[in-house]
Every structure is written in structure tokens, then in C-alpha cells.
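Here is the structure we will look at, set down as C-alpha cells.
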Amino acid sequence: MLDPRLLRSELEATAAILARRGFSLDLAQIQALEERRKSLQIDTQALQNERNTKSKAIGQAKAAGQDIQPLLAEVADLGDKLKAAEEALNGLQDELLQISLGIPNLPHESVPEGKNEDDNREERRWGTPATLDFEPKDHVDLGTALGGLDFEAAARITGARFSVIHGEMARLHRALIQFMLDTHTQEHGYSEVYVPYIVNSDSLRGTGQLPKFSADLFALNGDSGFYLIPTAEVPVTNLLRDQIVEDADLPRKWVAHTPCFRSEAGAYGKDVRGMIRQHQFEKVELVQAVRPEDSFDALEQLTGHAEAILQKLALPYRVVTLCTGDLGFSSAKTYDLEVWLPGQQAYREISSCSNFRDFQARRLQARRRHPDTGKPELLHTLNGSGLAVGRTLVALLENYQQADGSVVIPEVLRGYMGGQERLQRRAK
RNA sequence: GGAGGGUUGGCAGAGCGGUUGAAUGCACCGGUCUUGAAAACCGGCAAUGGUUAAUCCCAUUCCAGGGUUCGAAUCCCUGACCCUCCGCCA
């Protein structure tokens, strides 16, 4: 959520910045609502003041043993007038809140202008895609031939966009999770946290998935109002909801491994093959809460932490800055890491690292106590995948494939694999 | 699933339907004292919104939402969460 003051006193400048990302603000509507709100609020508060003053006088008169009947007559119709004014004001304020909850974050000035992902700006490349002397297979053919991936079974058990992983490949998938968690906790200073995979709607509102993007979520049946998490960002960032943290405790840095559940509504026909786009996948997520002045430095660092995983796995990738048109709803600036997939001959997203500034913190009421003033002040929040585990497995299979269909296991993972060096077809 | 108790400021913890935004303690900030620190003593110290150049001032907020009342932290109803006991369970 944006600072409400922007909508009151800097409406046109704000609208101009939002227009960069293709969002158009209804200026006339907001101005009209704001004007009505202002006058209604002043009227309502005047009535409240009158009620308070007269009630106090009644109390004093009663204590002094005087007749309170004349005073009671004075306030006879006050209640109805006040109630009507309060209801009108509440309705108006709720209307303004709903509008505010639907307005995306302001893109940072360093974010390139653009309409869609074609306009994203490439920042750098790391590693060189291997030149193979054979036709590379994609992960589906590789994984199926190795007996590790079974999409037919998954479709039978549940439906499309799910995976079954067997044997050594399942172990490799698990090894990736351990490796990522260990790296981030031991080398990058994150503290590991285990969180619920089911959250309430307040949490989703806090991080920005609700009210606007409920179609992307799996909601639980019944009247609990619970949802499966689409990312660990939701439960982990909500650790801070309604908290005031001491400045000395900043920055807070958490890493969590969770499954993620996404309905992928509107993704029909996109990435239908394999485990690139699934309803359920594992992810190791990095979350930071920092002092406002530090958040852009923190974004560079956090992105570097995600890159470190790709580098240790020796997977070629590139870093792109999302353009204004591709930027997520809550984000002020986002770097995507895209890993090279030989099976597709393309770079594909494997991590997304974002600085939300105070956008989430305002919804969450996540604050620090300012060391100089002692006053509460909104934090800045960030997060990034470090990394999406399913897609990392895909990248490993495709980049480490051999002519005979086997897959070499990267050095850094062998300790988690009992020293195993290679995935290959085995007799059952 | 059954029975009971609870939710008040950064924290702990009082609060009779009437100048209670709320006692007290801790923490924090400023001062006195001290070579310095500690202790002691004195003073200050909620958030959000409106208005304002700023202060003043005004309003709202004692888990949430309704209700009673001229007036609710306090009474009534509903819900959420926490705790204790019983049952069940990994």
C-alpha cells in the first residue's frame, strides 16, 4: 500500500509514476472521495466532540446532585445525527482503503521503462552455455528415461501440473534443498525458519496477494478463510506483522524451505510440458527486513546470495532487471535470475529478487523504533528465491547431461548424495 | 470434541458505567549528584488520523465486530486467538 499522503497531496505526481508501469489512477474519483472524506470527517469529529463535552457535563451535574433532565434533552437527537455521520464516514474510508489496496507499488527510478518481459534489461551474464557434441534432451525425456520423473503417475494421482520423483532423483531434489539452506545459513548470515504452509487472509493481504490476486491461490474449503501458501514469502514476511522491532536487531534475515502452491490460472497452454510450471513445487526463500535507507543495498546483496547458488552449481545464468510493465504488484524493483536450459536453448526464470520498500510493511504494520526519535517507523522488506528447487533440478538435468543419457552430479552436492557422482539408468 | 479461565501502552500489570488515554513497576530519553560509571533523586515518555507554517487543539484506539446508554476498558451478544483440565491423536 502506498502512503495515503501521496493520494492526498501528491496525487498527480503519483499518478505519473504509476503510469510508467501501465497503471492508470482515476484522479477525479479519488479527488472527489478525498474531498468528501475531509468534510465528513470534520463534521463527524465536531459531533463527537459535542457528545463528549455534554456527556461529561451530565456526569458532573449528576455528581453535584443537580437536575440532569434539561441536559439530556439537549443531546436527544445527537445520537442519530452522529450515527449517520459515522456510518457515512466509515463507508467512505472503506471505499478509499479498497482503492488503495488495489494500487501497485511505485517503480523505482532505476527501473527501465517497458511494456512486458521483452523490455527487461539484461544486467550481466555468468558462465557459458556448454557446447555439446550431441543433441541435448530436455528434462522430461532425460528424467523419464532415467526412471526418476513420472508425470503419468502424477496425473493419475492428482492431475496436470504435478510431479512424481523417484529414487536417486528424489534424493538429488532433497540434496538441493539441504545445500541451499546450508549455504544461506552458514555463508550468507540467514537464520533458518520453519513456518505454516497454510495462512489466513490477513497474512496474504499483508504481503499483497490479496485482495487482488485471489485467483492465483488455492483456498481451503470450509469457512476457515485459509489458503495454501503460494510462496514462503507470505508466512515469513508476516513474522513481522504488527511488530515493532528494535533498531539494533536489524537487519532481520530469514531463509525458509517450503512447498509452494499456485493455481496458475491464466497459464493455460504455457509450459505444459515437464516440471517448469507446477501447482506444487519446493522453494528455498530468502526474506529480509531492513532499515529504510539500506534496502537497495540489501537488494544487491540478496540477489548475490541467490546467484551464489547458481555459481556453486556452475549453472550459466543471466540477471535481468524487470521493466516497469513486468514488475510485480508489490515490488519497487525486481531482478530476475534466468538459468540456461539446453533443452529449450533459452534462459528461464529461476529466481526473482525484489525490494518492496515500505509497501508491504505498511500493510503489515511492520515497524522499527527509530534510534534517534524513539518513534515507530515502517521497515523495508525484500525477498528472493534462493532458489526455486524444481527448476534447479530441471537445470541440473539439462546442463549436466551426457551423451549416454546419464547426468553428472555437481561436486557441491555429492556430500549430500553419499558421494554419488552420476545419475544413470539402473536395473530395478 | 467437552469444561473452565484469559486478551489493557515497548514489556509486566491495576482498573468503581461519569474530567481514565488509562494507576504502578520495568525499559527508554533528559537532568542533578559523581573523576567516570552504577545507585539514588527530579522530570519526560502511546499510536493513528484531522487541523496547522509549527505548536496548541480535536477525534479515534484497552483482541475484533455488533448492541445497551446522555456517557463503555468497565454491562450484553457474536467471533478470533491464548492458557488450564478431560478425551482423542503423530
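All of these numbers come straight from a predicted model, not from anything done at the bench. First the proteins, then the strands, lettered A, B, ... as listed; each starts at 1.
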For the [atom1] atoms, the ones on [N] and on [M], what distance do you get once it is rounded to whole angstrom?
N: B:rG25; M: B:rG87; atom1: P; result: 46 Å
N: B:rG13; M: B:rC26; atom1: P; result: 15 Å
N: B:rG79; M: B:rG2; atom1: P; result: 12 Å
N: B:rU8; M: B:rA73; atom1: P; result: 16 Å
N: B:rG67; M: B:rU52; atom1: C1'; result: 38 Å
N: B:rG30; M: B:rU20; atom1: P; result: 31 Å
N: B:rA47; M: B:rC42; atom1: P; result: 25 Å
N: B:rC77; M: B:rG10; atom1: C1'; result: 33 Å

Base-pairing mate for [N] - Watson-Crick or G-U, with both contacts under 3.5 Å:
N: B:rG25; answer: B:rC11
N: B:rA3; answer: B:rU84
N: B:rA72; answer: none
N: B:rU52; answer: none
N: B:rG30; answer: B:rC42
N: B:rC62; answer: none

Any side-chain N or O of [X] less than 4.0 Å from the OP1 or OP2 oxygen of [N]?
X: A:Arg51; N: B:rG18; answer: no
X: A:Lys62; N: B:rU19; answer: no
X: A:Asn52; N: B:rG71; answer: no
X: A:Asn49; N: B:rA59; answer: yes

Side chain of [X] (C-beta onward), nearest among [options]:
X: A:Ile244; options: B:rG10, B:rG50, B:rG67; answer: B:rG10
X: A:Ile58; options: B:rG18, B:rC58, B:rG67; answer: B:rG18
X: A:Gln48; options: B:rG49, B:rU19, B:rU60; answer: B:rU60

For a 4.5 angstrom cut-off between non-hydrogen side-chain atoms, does [X] reach [Y]?
X: A:Gln31; Y: A:Leu11; result: yes
X: A:Val389; Y: A:His173; result: yes
X: A:Gln93; Y: A:Leu40; result: no

Figure out the [atom1]/[atom2] separation between [X] and [N], and round it to whole Å.
X: A:Lys56; N: B:rG18; atom1: NZ; atom2: C1'; result: 10 Å
X: A:Glu246; N: B:rC28; atom1: CD; atom2: C1'; result: 9 Å
X: A:His370; N: B:rA47; atom1: NE2; atom2: C1'; result: 17 Å
X: A:Asp242; N: B:rU48; atom1: CG; atom2: C1'; result: 13 Å
X: A:Arg37; N: B:rG49; atom1: CZ; atom2: C1'; result: 8 Å
X: A:Leu78; N: B:rU69; atom1: CG; atom2: P; result: 15 Å
X: A:Arg241; N: B:rC81; atom1: CZ; atom2: C1'; result: 12 Å
X: A:Leu82; N: B:rU68; atom1: CG; atom2: P; result: 13 Å

For [X], answer base if it contacts any base atom (sugar-phosphate contacts may also be present), sugar-phosphate if it contacts only those atoms, and nothing otherwise; contact means non-hydrogen atoms under 4.0 Å.
X: A:Lys375; value: sugar-phosphate
X: A:Pro4; value: nothing
X: A:Arg8; value: sugar-phosphate
X: A:Glu74; value: nothing

Are A:Phe359 and A:Phe329 an aromatic pair, judged by ring center distance below 6.0 Å?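 Ring-ring flag for A:Phe329/A:Phe359: true, centres closer than 6.0 Å.
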Is the closest side-chain donor-acceptor distance between [X] and [Y] under 3.5 Å?
X: A:Arg20; Y: A:Thr324; result: no
X: A:Ser163; Y: A:Gln278; result: yes
X: A:Glu264; Y: A:His279; result: no

Sorted by position of nearest nucleotide on RNA chain B, 5' first, the leading residue of A:Gln93 and A:Ala46 is A:Gln93
Quick check on RNA chain B: between A:Gly79 and A:Asn90, whose nearest nucleotide comes earlier from the 5' end?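 Its nearest nucleotide lies further toward 5', so the answer is A:Asn90.
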Ring geometry between A:His184 and A:His188 (parallel below 30°, tilted from 30 to 60°, perpendicular above 60°):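 Geometry flag for A:His184 against A:His188: tilted rings.
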